[in-house]
Number of protein chains: 2
Amino acid sequence: MAGKSLSYKKKIIKQLYFSNLLSCAELSIKIEKSLSLTTKMLNELISEGIVVETGYAPSSGGRRPLMYTLKTDIFYTVAIAMDQFFTRIAIMDMRNNYINKVEKFELRLADNPDALHVLTNRIEEVITQSGISKNKIAGIGIGMPGFVNVQEGANYTFLQTSGESITEHIFKKTGVPAFIENDSSIVALAELRFGAARNRKNAMVINIGWGVGLGMIMDGELFRGENGFAGEFSHIPLFNNGKLCSCGKSGCLETETSLFVIVEKAKAGIQAGRVTALKQLISGKEEHLERDAEAIINSAGKGDRFAIELLSEAGYNIGRGIAILIHLLNPGIVVLSGRGALAGKIWQAPIQQALNEHCIPRLSVNTEIALSALGYEAELIGSAALVMEKYGEVIKKPAKKDNVKSRTISFKGIS
Amino acid sequence: MAGKSLSYKKKIIKQLYFSNLLSCAELSIKIEKSLSLTTKMLNELISEGIVVETGYAPSSGGRRPLMYTLKTDIFYTVAIAMDQFFTRIAIMDMRNNYINKVEKFELRLADNPDALHVLTNRIEEVITQSGISKNKIAGIGIGMPGFVNVQEGANYTFLQTSGESITEHIFKKTGVPAFIENDSSIVALAELRFGAARNRKNAMVINIGWGVGLGMIMDGELFRGENGFAGEFSHIPLFNNGKLCSCGKSGCLETETSLFVIVEKAKAGIQAGRVTALKQLISGKEEHLERDAEAIINSAGKGDRFAIELLSEAGYNIGRGIAILIHLLNPGIVVLSGRGALAGKIWQAPIQQALNEHCIPRLSVNTEIALSALGYEAELIGSAALVMEKYGEVIKKPAKKDNVKSRTISFKGIS
DNA sequence: GGCCATTTATTAAGTTATGAATTAATAATA
DNA sequence: TATTATTAATTCATAACTTAATAAATGGCC
């Protein structure tokens, strides 16, 4: 039947999602099929009401190309961003616009056997409330902390399941295919597809938060390593400081650079009598950690010398880590992202200092350092991108030995 | 014409080179074409005298597969391994057998503007002497030290050319396509295709020699980074020892682990009155560096405590570097290769010790540590593999860059 | 202003590759 | 020992895809 033709249509949809506006010639190159075939597919997609023409783009010395884009109300993604304490759920259209208000709620992941059920129910609720028919939803993408095994759809740290995987569980309950990824990788995916690393071949995306995460783009693809554990930047052994890390080892990069450590250092400095505006702003109570971290970032932005010193010191050490990344992986760009990236240009000087001291110039000269502009949205955008990344791929489910069930992600509209 | 069909035939030849013996069904999977097409291509290759049947392989529960292999006297590769002082040239058949004696000659790369001409002439000589017709040579593969740009066919450190690239120059003079690679990458390629990392998806190959090189296999492919500089393991900043490195920085991994440093430490120890068999074996003169290094490795093998101590210390520090690799890249296997790997099991204990101290167990238990068995042949085998790796490759025009402006804030100073 | 090289789009004609059917040969099973 | 399930190899009609020819529209250049 039209099996192949369907798959090419999905490839076109995927490309239009990631690039928004493309000509027939561009599409032909991207899906690696001939122009004639691409034309045919495009015309069918138009008559099916999935793709629309948007007029002519400026010429670069030849006939002007007719541009095509996706109709926004045909497909949607469910994008979910989780951290250890809070979870956000959004429904997005094919241009990454939120369809409704982003649903944010508290959901503790550590030692919470009920977390997966709560999550699944919330997903159901959000979909139902949106009024969008499930066959219009391309999939559910979830970014979460912990050791995530993408193939198995499992998380070895949180959301323990019995028997079936996380993705299977959500698929069974909601009827919509689900995909999970590590939070740092999802941020890297967002930067690769819609952010500072857009269309880059080799990018390192550093996620400065309670830890220091790393998402790696290599040869244009998200790299996850043999078991899905790649990118444990936080725990590379870099110091002889004897400080115990949450991972059980000592001297990890995280022990000198995470926002958590920075807040601790701020408290110690205040106690030691440092003159700083932070004295009034930091409570030091554990439940105010988030607020305290923000206070330090803000104060540094306003010129508080102690706050700047704290961030500079962390920045220098992150820079040492980046120097290692550059030597080993020769990325074209390093993107600073995540909550901590809000401190913006304050990172610039100390990181540059570290690179000057620790990088072979030939390497550092070829690497651009950039700040993310996606901010808090990065994880949600990445989750949506994750869904569309998988769109049109055949998912094989190894059921009981004999039966290998497969299901392509498809929609009533075009199947 | 038979353009496509030709390209598929080359793919089949390539697969048969790397796997030696394959059935039609296996080939069909490897070249990702249907069984029917594969059958047709195979039959044509047989009637062209390139491929031969070798009889039936044991069955695994069905009809026995007819196995195919390459005729050995149809194609050859010219494999070249260079270091800073010596160059080896070999001609190999499709089973990596040497056709003639390996040609080894002195060729200093540093400050030698004549090096490329000498090399090219020697290649010509070797091919002529072999009596093999040039149209039977699939290509010339060269592994060399320095910063190698594979796409441009250039080496930024040695073999400077004017105008045309190294590979262009050799192609013009010999009429045979040439390919170059960094020496550490070429060793990794050898381990991936014919050595300890065979068929592995994610492998780190460590080349212990005058420096400490690294070749990286990621997702089944050699990884070279944005500019071809990836794998500068030797120069990651790991120590606060203040020791100046050849790269101009201080504290590089190399300053505590290279064979050069180990010899220096041996000399210092002897002077300080250490009881060791090395006292008689080490001359300390710079021209005997190679012999001295061998003496230390041999003495350690014979149980000399000082020699073992020297290697153990270096091994521990290499282990610290490996711990970083494991955290960042989650490889399935780490292979110790190169001249220094001859010390064999002496490395194992200190490296393991370092991993125990500096690795998150979940990561290190998933990584195998192995010793190379290819030894001195690795670079030549890798060079031959490089040729066949490129064999039959279609050169595509790079897709047009999207002119989408990203909302990136770049650090002007850094880029 | 007019020619030419480029780029894009469309269609018909021709080529290529595939699925389904078929034959063959084995291991596992009953 | 016969039966069944697997795996392998082959062939051929036809669906799938590309090439080549054609046309249209533009910028750059003399």
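Proteins get letters first, then strands, A, B, ... in listed order; numbering begins at 1 in each.
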Rounded to whole Å, how long is the line connecting atom [atom1] of [X] with atom [atom2] of [N]?
X       : N      : atom1 : atom2 : result
B:Leu21 : D:dA8  : CG    : C1'   : 15 Å
B:Met67 : D:dA8  : CE    : C1'   : 12 Å
A:Lys33 : D:dA16 : NZ    : C1'   : 9 Å
A:Ile29 : C:dT8  : CD1   : C1'   : 11 Å
A:Leu66 : D:dA24 : CG    : C1'   : 12 Å
B:Met41 : C:dT15 : CE    : C1'   : 12 Å
A:Glu44 : D:dA16 : CD    : C1'   : 13 Å
B:Leu27 : D:dT10 : CG    : P     : 12 Å

Take nucleotides 20-30 of chain C nucleotide by nucleotide from the 5' end and write B, S or -, depending on whether a protein heavy atom sits under 4.0 Å from the base, only from the sugar-phosphate, or from neither.
---BBBBS---

What nucleotide, of [options], holds the atom closest to the side chain of [X]?
X       : options               : result
A:Ser34 : D:dT18, C:dA9, D:dA9  : D:dT18
B:Tyr68 : D:dT18, D:dT10, C:dT8 : D:dT10
A:Ala25 : C:dT18, D:dC17, C:dA9 : C:dA9

Flag the pair [X] / [Y] as yes when at least one side-chain heavy-atom distance between them is below 4.5 Å, and no otherwise.
X        : Y        : value
A:Thr77  : A:Met94  : yes
B:Leu22  : B:Lys30  : yes
A:Glu389 : A:Glu181 : no

Ignoring hydrogens and geometry, is there a side-chain-to-backbone donor-acceptor pair from A:Ser372 to A:Leu374 under 3.5 Å?
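Pair found, side chain donor or acceptor close to backbone of A:Leu374.
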
Report yes or no: does B:Glu221 contribute a side-chain atom to a donor-acceptor pair with the main-chain N or O of B:Met218 at less than 3.5 Å?
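Checked: no pair found.
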
Evaluate side-chain hydrogen bond (donor to acceptor under 3.5 Å, both in side chains) for A:Tyr98 paired with A:Asp93, printing each intermediate quantity in order.
CA-CA 7 Å; A:Tyr98 298 130; A:Asp93 68 13; over 6 Å; no

Between A:Tyr391 and A:Phe75, how do the two ring planes meet: parallel, tilted or perpendicular, split at 30° and 60°?
tilted

Would you say a side-chain N or O of B:Tyr8 is under 4.0 Å from OP1 or OP2 of C:dT16?
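No.
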
